[in-house]
Protein chains: 2
Amino acid sequence: MKRQITIKDIALKLGLSTSTISRALKDHPDISPKTRTAVKELAALLGYRPNRVALNLRNNSTSTIGLIIPEIEHYFFSAIINGIEEVAYKNDYSVMVFQSNESYKREVINTQAVLTNRVDGVLVSFSKETNDFSHFQKLIDNEIPVVFFDRVIDELQADQVVADDYQGAFLAVNHLIEKGCRRIAHFAAPQHLAIGKSRLSGYHDALLKHSIPFDQSLVVLADTFDTARKAAHDILRRPDYPTGFFAVNDMAAIAIIKEAKHLGLRVPEDVKVVGFENSKSAAISEPELTTVDQFGFELGREACQQLLRRLKNEEKNTDFKPTKKVIKTRLVVRSST
Amino acid sequence: MKRQITIKDIALKLGLSTSTISRALKDHPDISPKTRTAVKELAALLGYRPNRVALNLRNNSTSTIGLIIPEIEHYFFSAIINGIEEVAYKNDYSVMVFQSNESYKREVINTQAVLTNRVDGVLVSFSKETNDFSHFQKLIDNEIPVVFFDRVIDELQADQVVADDYQGAFLAVNHLIEKGCRRIAHFAAPQHLAIGKSRLSGYHDALLKHSIPFDQSLVVLADTFDTARKAAHDILRRPDYPTGFFAVNDMAAIAIIKEAKHLGLRVPEDVKVVGFENSKSAAISEPELTTVDQFGFELGREACQQLLRRLKNEEKNTDFKPTKKVIKTRLVVRSST
DNA sequence: GAATTAATTTCAATCGTTTGCGAAAACATT
DNA sequence: AATGTTTTCGCAAACGATTGAAATTAATTC
């Protein structure tokens, strides 16, 4: 790479010291107007750009935040990244993205990568595989601010930003009941994830509210298209198949619709389905999917804002109190119910 | 942030100089085995991690690549990011992501950001708005390797990685013709983009091959869901509406299907539709969309690999010859044709 | 035991920028 | 003319790590 123009080049050409150049460039009062303009003009002429790396070293901060995320290709996560990048951009931060690909091992390596890259703070949504959280604890021990979003864990002393999973699930199931469903299945996420638990309990409580008994056999673990399609196939061929479905995400919900239609059932007449996410695909499926909007973009924004807040107040971090921000969800009613 | 352990801390505790620590840690032969193990043990005990920022400054390289991309939320681009991150990860590079949001102004700022962040190289897919490419020229003038992907421009001395748009379009339209379509519309991308031109010309040549006259009125500019739906509405209400549609991306294709069904036409019996991208949505739409697979993941991988190749060979960059890698596309036939 | 060689370790400069402190001008005051 | 004030600028250290060259110590040879 071509050597970039440095403050030293300007100093040499002007017969001044680097200190003077540095001060002139940032309008330090000690510098006479004459030399100040001279310096600025030459700097502009030469196309001088301060070397961020040198500043990073001196200031012991990089204006960079690390993002550890399961998979970029998932619509919900890409919406989140969008929100994060938006806030980072406005605050002159850069974002380094690390994908865990839902792999615990890779996630551990990712945490090491953010450490060696000396990012100022980290945003994390951990992988499905992750049960041991000591790699995140190590970040916290290093006093690097960490904000968890979507997939969170209470055991760590860190901020959290999540969608209101309980409320969303409650809304969804309540809606199904109001549409006349009495037997409602839930396609759930793994129960070691908070989102899995919360959505299940929203489902549970909505049933309770309408005095519908909870039936464990109607709760199945299925949070991908393929597993959901398979599970839907099995459950829909039972003689007493449920007429309502609440899926933990849109892909699973769409799989249910596909399979129901495949089995000759009409949606929403015979079977009603609600998803969770409000992805692009929800509006595309036939019939269009009723779903819970998770506001991924806002969630990403909030997470990033919370992180930046921590970064500003870093000096006075006497007694750390983790915050938990809950983003309200919204039921988007379409024609699948 | 807590002060990290440095080489100096180890030196102090061991009564040695920093040079010795540095050499011991990297198995320099000058260091006696005794001190070497002592150093390494203490380093491990204290949890020493070399400060990447200091190294970046010294080596004048950051092991970081910048990515400038229109919008992360678009499936095709997120697949590309996935591929890029994969290759970067394997080669110990980090990726900084900058979104242009299809805005020229923001893209210019993005190029400045990658410059001040001193990334080693840049991957770019420029915005639809971009007509002036001098901001990229500035990167090249600074001898920062740039690889363009998907949206490329021949006027710049830089490598390119693109899908075989011409071939994909040709395959798509040829397929429509073989399925019996004679009047085929093309929903195109802006013609100042290479992808716009290439796909149009693939469309054109496929018609030519079967001696079908080219009809300018069947080519409309529509590359988003909304514009495509509107355009489909207009064109399908003409008495001589086309029976085949080739859309520049899946979203536009799905909009056509939706609108056709809305107007009481059957897909694929009355109207056949082919998209371009092979997004998740293509498999979800009803009927499932025949489309051209762009292999976004592979495209991202190739782009990143090409960039890394440039970074390795940087010293001997005497006569620069831009390369152009074309990723073959594949027609995925589903039930919309 | 002195001299030579070999094995270890340290010094100091470097990457680009900032900043406290001291120094040298320029100016003002008697 | 001597002193006191400002104004303006440079020195040098610092951030953390690397590295050629010099210096120290230990080992070897005659």
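In what follows, every chain begins at residue 1, and chains take the letters A, B, ... in the order their sequences are listed.
Between B:Ser22 and D:dT18, a side-chain N or O to OP1/OP2 separation shorter than 4.0 Å is present.
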Checklist line | Under 4.0 Å protein heavy-atom contacts per nucleotide of nucleotides 7-15 of chain D, with B for base, S for backbone only and - for none | finding: -BBBBB-BB

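Listed by first and then second residue, the side chain to side chain donor-acceptor pair (under 3.5 Å) pairs involving residues 147-160 of chain A are A:Glu102-A:Arg151, A:Asp154-A:Gln160, A:Asp159-A:Gln306, A:Asp159-A:Arg310, A:Asp159-A:Thr323, A:Gln160-A:Lys324 (not counting sequence neighbours).
Summarising the geometry, the separation between CG on B:Leu25 and C1' on D:dG16 is reported as 13 Å, rounded to the nearest angstrom. Put simply, CG on B:Asn56 is 12 Å from P on D:dA17, counting in whole angstrom units. Summarising the geometry, the separation between CG on A:Leu55 and C1' on D:dG16 is reported as 15 Å, rounded to the nearest angstrom.
Put simply, chain B comes within 4.0 Å of DNA chain C, heavy atom to any atom, from C:dT8 to C:dG16, going 5' to 3'.
There is a side-chain donor-acceptor pair under 3.5 Å between A:Gln4 and B:Asn142.
Within a 6.0 Å sphere centred on NZ of A:Lys325, other residues, nucleotides and ligands contribute 12 heavy atoms or fewer. The neighbour count for B:Lys138 NZ, taken as heavy atoms of other residues, nucleotides or ligands under 6.0 Å away, does not exceed 12.
Here the side chains of B:Leu12 and B:Asp9 are not in contact, with every heavy-atom distance at 4.5 Å or above.
Applying the side-chain contact (heavy atoms from CB on, under 4.5 Å) test between A:Val122 and each of A:Val114, A:Val147, A:Ile65 identifies A:Val114 as the sole match.
With A:Arg118 contributing its side chain and B:Val53 its backbone, the two residues share no donor-acceptor pair below 3.5 Å. A donor-acceptor pair under 3.5 Å links the side-chain atoms of A:Arg36 to the main chain of A:Ile31, judged by distance alone.
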